[in-house]
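Structure, as structure tokens:
Since we're looking at a predicted model, the values are computed, not measured.
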Amino acid sequence: MAAAAAAAFKTNNQSTESPSPKIFIPEEWSNAVDAIASGSVAFPVVFVCGPKNCGKTTFSRHLLNLLLQRHKKVAYLDTDVGQTEFTPPGLLSLTVIDKITPDLTLPCLKTPERCFFFGDISSKRDPSAYLSYISALYDHYLKEYRTDNRTESGNRSKGFSRDCSLPLVINTPGWVKGIGYELLVDMLNYISPTHVVNIRISVESKNLPSGTFWLNEGNYDDDVSVMEINAALQDHLKRSMLVQKDSGLLRDMRMMAYFKQCFPSDRNMSTIKELAIALCALPPYGVDVSSVKIKHLYHKVSANEIYRSLNATIVGLAVSSASEKLSTCVGLGIVRAVDASKGVLYVITPVPVQILEDVNLLLQGFIQIPTSLLQAPGCVSPYMSANVLPYI
């Protein structure tokens, strides 16, 4: 795993000026993208869904690039906490994109317009909170990037003008059965997109239902266009060939790329070992525990164990205010060390200091430091033990 991650980390440093030859865009996809971008809806709201590894992210990025040829900016709502596109894993975000990224294979980190720390790689950890965050992100989009958000009736399904200042692309998880299906239905009913792209594979039992499956039986929405397209890769028998990817490795790549932002962009750092050494040598920020609130999202921790629970973990850096129901996240940090006697946490983060000054809440979930970063060859991590008896 470490060797593969090292190779991938090097790839991430290569230029993104030329398209990747590994990406195949079938004619059916191109036609769908053209129909959305050139259709009668000037500013489409596009909901991309389908089973795991069918190509949702590739289609979304391809659509994003084409829309950017017609609009100066496009909004992107990322609802897949396990395979995020423009942020580290564990976050739900609304990002405004203003530049085409020709190589669809490379991680492309951007600072989101608004972001929430979910703290896990699957929405099954807390479906209710997951929906609350997505609803808040979409509401922010309505408020900031629509010319006429709602009618006086306040009906979210039918109560807004289809004209808005920015198009919106919504990428979704591949969890399409059970609770995952119910979450998609709730998202669709709340957002009421102009277009739904349902990507299908040859194994019918794994697909979402056809048509406007999220509406109650007998209901129909004249304002939505449903496009059902096949996964890009197929064999000679027209069977879907799903994209094979190491999800854990991709998450580690994005996390390492995120913390690489702690350093100047012109600093040559092409291996995991170099990044690990650099992070160990980086002076951390000192955080007075009395000045922040600490919240463990998914487990209870006794007061005398709080310091131990935070040491060597990744935390969400959040801003909580009385006027906002949900706390927004401004980035992630690694708790490098803890001084319990002084009540100080030492945190490494690429978040600028002027933004850190507003942070008053640390959120801990289940997002972990990449193992390949802790086990970098030739670099002794302070969080890894050596010469210890396995059993006592």
Rounded to the nearest 0.5 Å, how far apart are NZ of K260 and CD1 of I272?
11.5 Å

Indicate whether the side chain of D186 and that of Y181 have a donor and an acceptor atom separated by less than 3.5 Å.
no

Under 3.5 Å: donor-acceptor pair, side chain of E305, backbone of V301:
no

Side chains of C280 and I277: does their closest heavy-atom pair fall under 4.5 Å?
no

Check: L310 and V315 side chains under 4.5 Å, non-hydrogen atoms
yes

Which atoms form the tightest heavy-atom contact between P167 and V74, and what is the distance?
O-CG1, 3.7 Å

N207 backbone acceptor or donor facing K177 side chain under 3.5 Å:
yes

Look only at the side chain of R254 and the backbone of T84, and say whether a donor-acceptor pair between them is shorter than 3.5 Å.
yes

Considering all heavy atoms of both residues, which atom of T87 and which atom of K110 are nearest to each other, and what is their separation?
CG2-O, 4.3 Å

Within the side chain of S320, is there an N or O that forms a donor-acceptor pair under 3.5 Å with the backbone of S327?
no

Considering all heavy atoms of both residues, which atom of F47 and which atom of P193 are nearest to each other, and what is their separation?
CB-CG, 3.8 Å

Do the side chain of N189 and the main chain of L215 share a donor and acceptor less than 3.5 angstrom apart?
no

Would you say F213 ends up clustered with L131 if hydrophobic residues are merged whenever their side chains have heavy atoms under 4.5 Å apart, either directly or through other cluster members?
yes

Do M187 and I134 touch side chain to side chain, with heavy atoms closer than 4.5 Å?
yes

Using the side chain to side chain donor-acceptor pair (under 3.5 Å) rule, take D120 and S122 through it: C-alpha gap first, then chi angles, then the decisive distance, then the call.
CA-CA 6 Å; D120 201 357; S122 172; over 6 Å; no

Is there a side chain to side chain contact (heavy atoms under 4.5 Å, CB included) between D339 and Y346 once you walk through the steps?
CA-CA 8 Å; D339 189 330; Y346 295 97; 3.9 Å; yes

Pair F117, L317 - check side chain to side chain contact (heavy atoms under 4.5 Å, CB included), show working.
CA-CA 8 Å; F117 182 78; L317 308 175; over 6 Å; no

Within a strict 4.5 Å, meaning less than it, do heavy atoms of the W214 and V224 side chains meet?
yes

Before you tell me yes or no, could you show the steps for T172 and I170 under side chain to side chain contact (heavy atoms under 4.5 Å, CB included), namely the whole-Å CA-CA distance, both residues' side-chain angles and the distance that decides it to 0.1 Å?
CA-CA 6 Å; T172 61; I170 305 161; 4.3 Å; yes

Under a 3.5 Å distance rule, please check whether K56 uses its side chain to pair with a backbone N or O of G50 as donor and acceptor.
yes

Could you tell me whether the side chain of Y138 reaches within less than 4.5 Å of the side chain of S135, counting heavy atoms only?
no

Ignoring hydrogens and geometry, is there a side-chain-to-backbone donor-acceptor pair from R200 to L208 under 3.5 Å?
yes

In sequence, state the C-alpha distance, the side-chain angles, and the governing distance for E113 and Y141, and then conclude on side chain to side chain donor-acceptor pair (under 3.5 Å).
CA-CA 9 Å; E113 171 82 10; Y141 164 75; over 6 Å; no

Considering all heavy atoms of both residues, which atom of C262 and which atom of I348 are nearest to each other, and what is their separation?
SG-CG2, 3.9 Å

Classify the ring geometry between F366 and Y298 as parallel (under 30°), tilted (30 to 60°) or perpendicular (over 60°).
parallel

Would you please say whether a donor-acceptor pair under 3.5 Å links the side chains of N171 and T57?
yes

More than 12 heavy atoms of other groups within 6.0 Å of I179 CD1:
no

Please say yes or no: joined through hydrophobic side-chain contacts below 4.5 Å, possibly via intermediate residues, are I25 and L64 part of one cluster?
yes

Tell me, do V185 and L183 make a side-chain contact under 4.5 Å, heavy atoms counted?
no

Quick one: closest heavy-atom pair of G331 and Y258, and the distance?
CA-OH, 3.3 Å

Mark yes or no for whether Q83, through its side chain, and P173, through its backbone, hold a donor-acceptor pair below 3.5 Å.
no

Does the separation of the ring centres of F86 and Y76 fall below 6.0 angstrom?
yes

Value rounded to 0.5 Å, distance of OG in S309 from CD1 in I294:
7.5 Å

Using a strict 4.0 Å threshold on nitrogen-to-oxygen distance, state whether R251 and E85 make a salt bridge.
no

About how many Å separate CD of E274 and CG of L279, when rounded to the nearest 0.5 Å?
12.0 Å

Considering only heavy atoms from C-beta outward, does the side chain of V289 approach that of L345 to under 4.5 Å?
yes

Under a 3.5 Å distance rule, please check whether T349 uses its side chain to pair with a backbone N or O of L332 as donor and acceptor.
yes

Are K124 and W175 in a cation-pi contact, defined as NZ or CZ under 6.0 Å from the six-membered ring centre and within 45° of the axis?
yes

May I ask you to check whether R114 and T328 show a side-chain donor-acceptor distance below 3.5 Å?
no

For S302 and N304, test the side chains for any donor-to-acceptor distance below 3.5 angstrom and give the result as yes or no.
yes

Show me the donor-acceptor pairs within less than 3.5 Å that the side chains of residues 32-44 make with the rest of the protein, sequence neighbours left out.
residue: S38; atom: OG; partner: D34; partner atom: O; Å: 3.3
residue: S38; atom: OG; partner: R70; partner atom: NH2; Å: 3.2

Looking at CD1 of I97 and CZ of R61, how far apart are the two atoms once the value is rounded to the nearest 0.5 Å?
8.5 Å

Is the backbone of Y130 close enough, under 3.5 Å, to the side chain of S123 for a donor and an acceptor to pair up by distance?
no

Nearest heavy-atom pair of I199 and F59: which atoms, and what distance?
CD1-CB, 4.0 Å

L137 vs D139, test: side chain to side chain contact (heavy atoms under 4.5 Å, CB included). Steps then yes/no.
CA-CA 5 Å; L137 290 171; D139 286 346; over 6 Å; no

Please tell me whether T313 and Q364 have a donor and an acceptor in their side chains that are separated by less than 3.5 angstrom.
yes

Residue pair V45 / H195, side-chain heavy-atom distance below 4.5 Å
no

